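First up is the structure itself, then whatever we jot down about it.
What you are looking at is a predicted structure, and each value in this text was computed from that prediction instead of being measured.
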Amino acid sequence: MNIVIVESPAKAKTINKYLGASYEVLASFGHVRDLPAKNGSVDPEANFQMIWEVDPKAAGRLNDIARALKGADKLILATDPDREGEAISWHVLEVLKEKRALKGQKIERVVFNAITKQSVTDAMKHPREIDGALVDAYMARRALDYLVGFTLSPVLWRKLPGARSAGRVQSVALRLVCDRELEIEKFVPREYWSLVATLTTPRGEAFEARLVGADGKKIQRLDIGSGAEAEDFKKAIEAANFTVSTVEAKPARRNPQAPFTTSTLQQEASRKLGFAPAHTMRIAQRLYEGIDIGGETAGLITYMRTDGVQIANEAIAQARKVIGEDYGNAYVPDTPRQYQTRAKNAQEAHEAIRPTDLSRRPADMRRRLDTDQAKLYELIWIRTVASQMESAELERTTVDIAAKAGGRVLELRATGQVIKFDGFLALYQEGRDDDGDDDDSRRLPAMSAGEALKRQALAVTQHFTEPPPRFSEASLVKRMEELGIGRPSTYASILQVLKDRGYVRLDKKRLHGEDKGRVVVAFLENFFARYVEYDFTANLEEQLDRISNNEISWQQVLRDFWGDFIGAVNEIKDLRVTQVLDALDDMLGPHIYAPREDGGDPRQCPTCGTGRLNLKAGKFGAFVGCSNYPECRYTRPLAADSEASADRILGKDPVSDLDVVVKAGRFGPYIQLGEQKDYAEGEKPKRAGIPKNLSPGDIELELALKLLSLPREIGRHPETGEPITAGLGRFGPFVRHEKTYASLEAGDEVFDIGLNRAVTLIAEKIAKGPSGRRFGADPGKPLGEHPDLGGVAVKNGRYGVYVTAGGVNATLPSDKTAETITLPEAIALIDERVAKGGGKPKRGKKATPAKMAAAKADNSSPAARPTKKTAAKKPAAKPKSDATNKARAPVTATAKTSPAKVAKPVAKKSAGKASG
């Protein structure tokens, strides 16, 4: 028996069918080990020794593999054909060695580019060893990302409250977005004019010609800078006689684009289908793993993480056959097209992304695929076939026209293009990131030199130059690839992280740098400038690629990086938060404090008039506040002149006749009914939050009135007779009955949910209990150890999700969930809570990690004796710590060992507090 290891259970099932009964194919379910999310997992002092931890979910699967190896002849590692796949194979092998599960079995590594019977069986005939250089490259990347994340992010949290994290590549990608925002803000529009005449030939055919010269001088696009100049040219053209000077027609060829790589697929799917890169990769993964066709599962496309552009000879032959059948032999070039990648260190052994069988036409596959799968498969199929089609043949025509007006001679020019043979354009044309007009695409009528023309119309148009456009997801991926930042397989996850952390937002398919992201970039540019430079990041990527080529030691690359990096971190450790904010205040000044129309001081507080506005930091990020705080409580978001911070009146409420306004607050935009002056003293205006999936610009009057109507009564509960209401809270839409809240699920609409559905959700929530579990207190999800307070866990509480350690609780910010919060982030939240005097160990006193550690040391001493005043409190706090430890341990705590039961005999009052 031969044991084959792949990542996916779907692949395992398919490949087992291909290989037969002498093989057993098992799935690793992706990575099986990783660096623990705690300090010390990579030790720079020990030549970057790395501590690997088996994922608890993978432990059982690794045991299954170890058991299956008993009596097996061979272990075949058949994970994906890239660096990550190589690393997974290495991890699996290392764990099996540690388990001593290998008893002389032969070990082979095989790779296949497509999940088809031929590809898999061919791969089995050509085994090799694990590529140590690729594994080294993986380890270097993983160590670098870990060291940056666990060294830089805590500095960011402590010096810049409200910031989430900083990553090696994500920070540079964020800088691209924020630099573009800065370019847009600094942009000064420039006026210019264009003159376009509509002329007719002697045969009455009309066309357009643009003014390009006058009096022997060329006129460029921006040369006519005022209305007076434009008017002068207008008078001359209106009085002119027009004659064709020259007609020049040149043949041209347009060649098809290469088949898709990972990055070009993400770009084109974004342009043509509107897919986010992460969504594109999820669909491509499904197409690669395959679907059932005629009783047999087959992969529909080749491996989707690749930077190669060439395709196999058999695929080229099949493409040429399809082209001949569907379009005729004229569309088949004389020789097959061969492509070469321009990407640095491209893995040429990998094919481009293509269908595994081009005879499976998109129309035939639609009924077997869901809508998005069918769209992406069609895009890949068309691009592959078009890449082997004949070039398009064009004729580009330029007509120069002389306009004589008295003693002046003006020059006009018309350009056009005729497609003589469409070639690959009959099937496919690549999308564009800009939507600019293309004069060359117009077709011109036949003309000859010396012909007289007549003026039919003249358009004199004022224009203003526009700032560079914000990045779309497609254009950002393209720019990152051009700069050599990151690698194509990481682009989707980088963009997703930036969106998830609130650093950027996607609005009308364009990426906008949010204030939170801009502050992080400003911090990094001020104190870690080298590490967000484009060239530095690209050069580091080249070094990592040299490791994969076995040209340099991975430890040497890490040593070169770490020495300077840790030095930069140590330099700012002693900086106060106020010093950091002052530096950012200066750097972001033009963005934060826009010039006032009256020419006054943009930093003057608009509320008190005497205070000075400056940058401040809070739990939810940076904001602008008045220096006279707390006497003056004026605050606003960073960008005072942004759309998000400007009040926008949507219309009148038909009931109260008050204005419905979208306003900007310290914690984000919201909707308000009327102003404070419209309400009685002590009464606050009616307000409503804006759902997370909407931007302020998306809100119209009808939706705003619906949001203001919340919470709304759905009806009365059939058993209690008490009302059930629907509302929108911090964590999304919910229904409420008495003290029970139940979140609405996907598909439920807060404005439309009916009584029956609401009763069902309430009943399900009651059955699960307040923690969402069917019985027992919520032990929380263990995250790891706090350096001073012991075990850290994330829990669901009455007021939302929170992290806890040593009796100190800290609520999670809105952009974090129990699933996404990491140990370093949890520690930073707990430390921030302690620094503000929060936490339960010493009520009324400021608790610090140092004091807590000292208190623990005192309690452990035989000589320690609690005073009368503290005797009742200490035993109540101690069981809480024990309960935390038991939550981390694999043994489930019983009722006998619950904190409340232990504390109760000692001090009833304290027991109540300890369990709260």
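- Taking a 6.0 Å sphere around CD of Gln579, one finds it holds more than 12 heavy atoms contributed by other residues, nucleotides or ligands.
- A donor-acceptor contact closer than 3.5 angstrom links the side chains of Asp82 and Tyr303.
- Looking at residues two or more places apart in sequence or on another chain, you find a side chain to side chain contact (heavy atoms under 4.5 Å, CB included) between Asn39 and Phe150.
- Under the 3.5 Å distance criterion, with hydrogens and angles disregarded, a donor-acceptor pair is assigned to the side chains of Glu825 and Thr822.
- With hydrogens and angles disregarded, a donor-acceptor distance shorter than 3.5 Å links the side chain of Ser153 to the backbone of Gly149.
- A cation-pi arrangement is absent between Arg510 and Phe471 under the rule of less than 6.0 angstrom and at most 45 degrees off the ring axis.
- Judged by distance alone, the side chains of Lys795 and Asn809 never bring a donor and an acceptor atom under 3.5 Å apart.
- Contact detail for Thr280 and Ala269: the closest heavy-atom pair is OG1-CB, 3.4 Å.
- Taking CG of Leu615 as the start and CG of Asp586 as the end, the distance is 10.0 Å to the nearest 0.5 Å.
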*asked:* Let's go through Asn539 and Gln543 carefully: what are the C-alpha distance in whole Å and the side-chain angles of both, what is the deciding distance for side-chain hydrogen bond (donor to acceptor under 3.5 Å, both in side chains) to 0.1 Å, and is it a yes or a no?
replied: CA-CA 6 Å; Asn539 289 336; Gln543 292 292 88; over 6 Å; no

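- A donor-acceptor contact shorter than 3.5 Å links the side chain of Thr262 to the backbone of Met304.
- Aromatic ring orientation, His31 versus His91: perpendicular (interplanar angle above 60°, classes split at 30° and 60°).
- Taking CZ of Phe523 as the start and CG of Asn526 as the end, the distance is 9.0 Å to the nearest 0.5 Å.
- Taking both residues in full, the closest heavy atoms of Ser475 and Ser472 are given as OG-N, 2.8 Å, listed atom of the first, atom of the second, then distance.
- Applying the salt bridge (charged side-chain N to carboxylate O under 4.0 Å, His left out) definition to pairs two or more places apart or across chains, those involving residues 131-147 are Asp34-Arg142, Arg141-Glu541, Arg141-Asp545, Asp145-Arg168.
- Dense packing is recorded around CZ of Arg128, with more than 12 heavy atoms of other residues, nucleotides or ligands lying under 6.0 Å away.
- Aromatic ring centroids of Phe48 and Tyr146 lie 6.0 Å or more apart.
- Between the side chains of Thr302 and Glu351, not a single donor N or O lies within less than 3.5 Å of an accepting N or O.
- A salt bridge links Glu7 and Lys11; the closest N-O separation between the charged side-chain nitrogens and carboxylate oxygens is under 4.0 Å.
- Note that the CD atom of Glu525 and the CE atom of Met587 stand 4.0 Å from one another [nearest 0.5 Å].
- Between Tyr503 and His512, a ring centre-to-centre spacing not shorter than 6.0 Å is recorded.
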